[in-house]
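These numbers come from a predicted model, not from an experiment. In what follows, chains are A, B, ... by sequence order, proteins preceding strands, each numbered from 1.
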Amino acid sequence: MPHNIADEADVLRRKLDRADYLYYVKDQPDISDAEYDKLMRRLQELEQTYPSIITPDSPTQRVGATVQSELAPHTHIVPMLSLQNAMGEDELRAFDQRVKRFLGLDPDSDVEYVCELKFDGLAVSLTYVDGVLAAGATRGDGTVGENITANLKTVKSVPLRIPVEAGTGGTDPIPSTVEVRGEVILFHEEFRRINEDREQSGEPTFANPRNAAAGSLRQLDPNITAKRRLNMFCYGIGACEGRAFVTQHEILSILESWGFRVNPNVCVCATIDDVCEYIAGWAEKKETLPYDIDGMVVKVNSLTLQSELGAVARSPRWAVAFKYPAQQATTVVTEIRVQVGRTGALTPVAIMEPVEVGGVTVSRATLHNEDEVRRKDVRVGDTVVVQRAGEVIPEVVEVVAEKRTGDEVEFVMPDHCPVCGADVERAEGEAVARCVGIACPAKIRETMIHFTSRGAMDIDGVGPALIDQLIAANLIGDPADIYSLTVEQLCALDRMGSKSAENAVAAIEKSKQAPLSRLIYALGIRHVGERTAAALARHFTTIDALAAASENELAEVPDAGPVVADSIARFFRQDETKRVLEKLRAAGIDPRGESRDESGMFAGQSVVFTGALERLTRDQAEAIVRRLGGSPSSSVSKNTSLVVAGEKAGSKLEKATSLGVKVMSEGEFLEMVDPR
DNA sequence: TAGCCTCGAGTTCA
DNA sequence: CTCGAGGCTA
């Protein structure tokens, strides 16, 4: 072998190590992907030709290890302890008092703490011998874990060796043996990517990033792990040969200088009050992180005090895990009810024993459709995990299979409508089953609620409750009947005073002025929502022109194709529709189309609002955009011109940032449309 | 014809 | 907010 080959390989390894470090630990890449690939290919070439030069810490060894038949046990030198939980500020202060009592300190004195994020992932330990990664293992029972070295090597933020030049300029030698502790996690973006892939290939999806990370790490085939871009944050040291530390905070900085990824969100707090304040500050902010945390870890900063405090059973007395109120909880499904929507869609809804999730009581959650019920295999009597997706809407995450008794009842979609008894049909290739009944009371009710709703005729004071009463009293049978209601009729109903009756009638009267687009939308034609209704109104200008249009004419409207055209034509052919339109006209409703400013500052642009707006309502904000010639939209894509992000903006903001779409705050938006 | 972009529809709780 | 499906475009 030529003498300089080993040297060249070494230089390549250093360059690749540095590139991995800058990219995966520091988030500041210095070379392009192409350059990286070139270096990697050259190194692989050399190692293939001269296998004797391969070292265990070579970057080529991150992938390509062979499949194992089972995971070998690994004994930790220093056990990995688990932490006691604190469920609120009270328990946190109780922990502080315990610490002081144990140390024989005055209850009013202060102990210095370090607060760190508690990642929702998998705790692992990395063992380095003479600076080279020798073993990696899961926590296991704390004493013995599973050896997952090959899998951990595929995690790019895990250094394969601690560079000799690290630390304080060489005067501070790398310990001969050191155990580095941390948490392996999946970022949200990567979690989504994995689940999308699995969905496409028909594999079951992971319920949450933690499960996905655990599943990926405990793979027997490291090639699979390599495809899941895992990440690791390090926060502690177990055994350490020939080096002592003074504080937890010092440990974090040393780990960072050794090239480990250390999370920057750390706070040294002089008092327990500061700790509480810091933790409260993250209660909301944690949702903006690109990965999951399930709380905060609070540690006594001084290692001297730590060893004085020691441990009880398997948890140290010097640390505690603060848990934010759970965003997930388990409960029991008591019933799967079937609801009938405006379009006749049958939706299974899980009725559950009420349970607290993130501060609110949840008792029902949609199961969307029959396929979804099958996929999650939810049965009546099952114990299930529920969470609030996107902070609000409850969702059944998964069934707790271990709690099955065998008495659970599988769900079957009824073949007759639970409300009117008509046949239920599921169109070829569609996910939803529908009631075909023409006069299904549920459909009529939902149609009327839709007609009066915000965005449609917007009749204030006429909501679902009143509509139910009116139907029961036989006062209305279709939406047009609303316009013949009198104050006297309304007053005669239960729980209806003269004042609210007058208000309702006034609102009904006012709605007669609604623009054509609203009326078209209010009719509730299948496949015609707000946007399509607006496009139709612009194109036809009167309801009669729309009603008379042929399918070909309808399909000429932008955004309307054969399916939409067929649905509209079919709707206007029905005798029922003709009767209702006649009644509406008789009541004095004959709206004209509206025009828009084509020279406004948003002309031809698409604007998306996300998060909670403080000074404007959604409707006001969208009206401003429309007035200035733009179209408000609900989803972000690369065609989006602008995203206005309010408080607690979520995935849309993330997407906008990743697509490089212009983003501004509500304040900046107002400044722009109305500079003063 | 495939893949992207939008829109429609359904849903929960305070 | 999320999913599914219709329409448009490369």
Identify which nucleotide among [options] has an atom closest to any side-chain atom of [X], counting heavy atoms from C-beta outward.
X	options	answer
A/Val563	B/dA14, B/dC13, C/dG6	C/dG6
A/Arg364	B/dT12, B/dA9, B/dT11	B/dT12
A/Pro394	C/dC8, B/dT12, B/dG10	B/dT12
A/Ser363	B/dA9, B/dC13, B/dT11	B/dC13
A/Pro562	B/dG10, C/dG7, B/dC7	C/dG7
A/Arg531	C/dA5, B/dC13, B/dG8	B/dG8

Please determine if A/Arg518 and A/Glu530 form a salt bridge, counting it only when a charged side-chain N lies under 4.0 Å from a carboxylate O.
-> no
Between A/Asp478 and A/Lys583, does at least one N-O distance fall below 4.0 Å, as a salt bridge requires?
-> yes
Report the distance from atom [atom1] of [X] to atom [atom2] of [N], rounded to the nearest whole Å.
X	N	atom1	atom2	result
A/Glu395	C/dC3	CD	P	8 Å
A/Leu536	C/dG7	CG	P	12 Å
A/His450	B/dA9	NE2	P	7 Å

DNA chain B: A/Ala350 or A/Arg342, which has the more 5' nearest nucleotide?
-> A/Arg342
Look at the side-chain N and O atoms of A/Thr361 and state whether any lies under 4.0 Å from the OP1 or OP2 oxygen of B/dC13.
-> no
So what does A/Gln339 hit on the nucleic acid, given a heavy-atom distance under 4.0 Å: a base, only sugar-phosphate, or nothing?
-> sugar-phosphate
Identify whether any heavy atom of A/Val564 sits under 4.0 Å from a base atom; if not, whether one sits that close to sugar-phosphate; answer base, sugar-phosphate or nothing.
-> sugar-phosphate
Within 45° of the six-membered ring axis of A/Trp282 and under 6.0 Å from that ring's centre, is NZ or CZ of A/Lys285 located there?
-> yes
